[in-house]
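Contents: one structure, followed by commentary.
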Amino acid sequence: MLTNRSQVVVKKEMTFIERMYLPAIFSGMLITFKHLFKKSATIKYPEQTREFSKIYRGQHVLKRDEKGAERCTACGLCAVACPAEAITMTAGERKPGEEALYREEKYAATYEINMLRCIFCGDCEEACPKEAIFLTDRKVDSFYTRKEFIYGKSILVEGLENDKRVDVSVRETKAVEEFKKHKEFAHNETYDKNKKKTVAGH
Ligand code: SF4
Ligand code: SF4
């Protein structure tokens, strides 16, 4: 004997009541009955939805600047920071005349996030020096094929029109807000619609 934890199993004969199984059935039904009066843990989705946490991180957005140019400069920092290796991109060189399309001389010609790999950790957002990528409170859709979960620029880049812009103000940290106060940085220049030009220092 290696230990003294062994026990002798005794086969106990069941009583007449136990053999009828009625007490066990009734005690089981009592537990079920008690749950009828408890608040349900489930909801009737999709008719009902739960409120998301304020810090919920969902589908990414690639932001444009005030003029509508894509902020991403294809530096690759988000891809390096990504622990799930979900981000891939190829860089392109901006041509003369494309200043309104891309903010920097180098831009992301392709940018893809594999949503099946992504763990929504937010590291890409933190790594980005251009405030180009943010996670939002939007849910990633369901699809039948794996290929459809590879989100390209057509899904990730926000729309140009005002109603298609994605508000990410809740994701901007205090450090970001502080940085934005420095309008002398080219990164923080804003676009004055009336003057139709970029305005620094206001
Ligand atoms: S949220 Fe995290 S896992 Fe998803 S793409 Fe960004 S860094 Fe990668
Ligand atoms: S999203 Fe940001 S970190 Fe990623 S490549 Fe673009 S500029 Fe760089």
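One-based numbering along the sequence shown. Every number for a ligand or one of its atoms is a count from 1 in the order of the listing. The shown structure was predicted, so the numbers you read here are calculated from the model rather than taken from an experiment.
Of all heavy-atom pairs between C124 and H60, the closest is SG-CD2, 3.8 Å. The two atoms that bring C72 and A108 nearest to each other are SG-CB, 3.8 Å, heavy atoms only.
Protein heavy atom at the shortest distance from atom 6 (Fe) of ligand 2 is C72 SG, 2.3 Å. Considering only non-hydrogen protein atoms, atom 2 (Fe) of ligand 1 sits nearest to C121 SG, 2.3 Å. Atom 4 (Fe) of ligand 1 has C118 SG, 2.3 Å as its closest protein atom, hydrogens excluded (heavy atom only). Summary of contacts: the protein heavy atom closest to atom 7 (S) of ligand 1 is C124 N, 3.3 Å. Nearest protein neighbour of atom 8 (Fe) of ligand 1, counting heavy atoms only, is C82 SG, 2.3 Å.
Within ligand 2, counting atoms from 1 as listed, the ones closer than 4.0 Å to a heavy atom of C78 are 1 (S), 3 (S), 4 (Fe), 5 (S). Atoms of ligand 2 found under 4.0 Å from any heavy atom of I133 (numbered from 1 in listed order, with element): 1 (S). The distance from ligand 2 to the heavy atoms of C128 drops below 4.0 Å at these ligand atoms: 1 (S), 2 (Fe), 3 (S), 7 (S). Heavy-atom proximity to I87, at under 4.0 Å, picks out these atoms of ligand 1: 5 (S). Atoms of ligand 2 lying under 4.0 Å from at least one heavy atom of T73, given by number and element, are 6 (Fe), 7 (S). Per-residue contacts place F120 under 4.0 angstrom from the following atoms of ligand 1 (heavy atoms of the residue considered): 1 (S), 4 (Fe). Short contacts between ligand 2 and P129, defined as distances under 4.0 Å to a heavy atom of the residue, involve ligand atoms 3 (S). Atoms of ligand 1 lying under 4.0 Å from at least one heavy atom of G122, given by number and element, are 1 (S), 2 (Fe). Heavy-atom proximity to C75, at under 4.0 Å, picks out these atoms of ligand 2: 3 (S), 5 (S), 7 (S), 8 (Fe). Of all atoms in ligand 1, listed by their number and element, those nearer than 4.0 Å to a heavy atom of H60 are 1 (S), 4 (Fe), 5 (S), 6 (Fe). Close approach of ligand 1 to I119 (heavy-atom distance below 4.0 Å) involves ligand atoms 3 (S), 4 (Fe). Counting atoms of ligand 2 from 1 in the listed order, those under 4.0 Å from a heavy atom of A74 are 5 (S), 6 (Fe).
With a 6.0 Å radius and a threshold of 12 heavy atoms from other residues, nucleotides or ligands, E47 has its CD atom above the threshold. Shown here is M29, whose CE atom has no more than 12 heavy atoms of other residues, nucleotides or ligands within 6.0 Å. For CD of E93, the number of neighbouring non-hydrogen atoms (other residues, nucleotides, ligands) closer than 6.0 Å is 12 at most.
By the 4.0 Å heavy-atom criterion, A81 is excluded from the residues contacting ligand 1. Heavy atoms of G76 come nearer than 4.0 angstrom to ligand 2 in at least one pair.
Atom CG of L30 sits about 10.0 Å away from atom NE2 of H35, to the nearest 0.5 Å. Rounded to the nearest 0.5 Å, atoms CZ (R50) and CD (Q48) are 9.0 Å apart.
Ring-plane geometry between Y56 and F52 is classed as tilted, the angle between the planes lying from 30 to 60 degrees on a 0 to 90 degree scale.
If you run side chain to side chain donor-acceptor pair (under 3.5 Å) between E104 and each of R94, K130, R71, only K130 comes through.
Under the 4.5 Å side-chain heavy-atom criterion for ILVMFWY residues, a single connected hydrophobic cluster contains both F120 and F149.
Residues Y107 and L101 form no side-chain contact, since every pair of their non-hydrogen atoms from C-beta on lies 4.5 Å or further apart. The closest side-chain heavy-atom distance from E158 to F134 is not below 4.5 Å.
Only the side chain of M89 comes within 4.0 Å of ligand 2, counting heavy atoms alone; its backbone N, CA, C and O stay farther away. In R57, neither the side chain nor the backbone holds a heavy atom less than 4.0 Å from any atom of ligand 1.
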For R138 and V61: C-alpha separation, side-chain torsions, deciding distance, then whether side-chain contact (heavy atoms from CB on, under 4.5 Å) applies. CA-CA 9 Å; R138 299 172 302 170; V61 62; 3.5 Å; yes

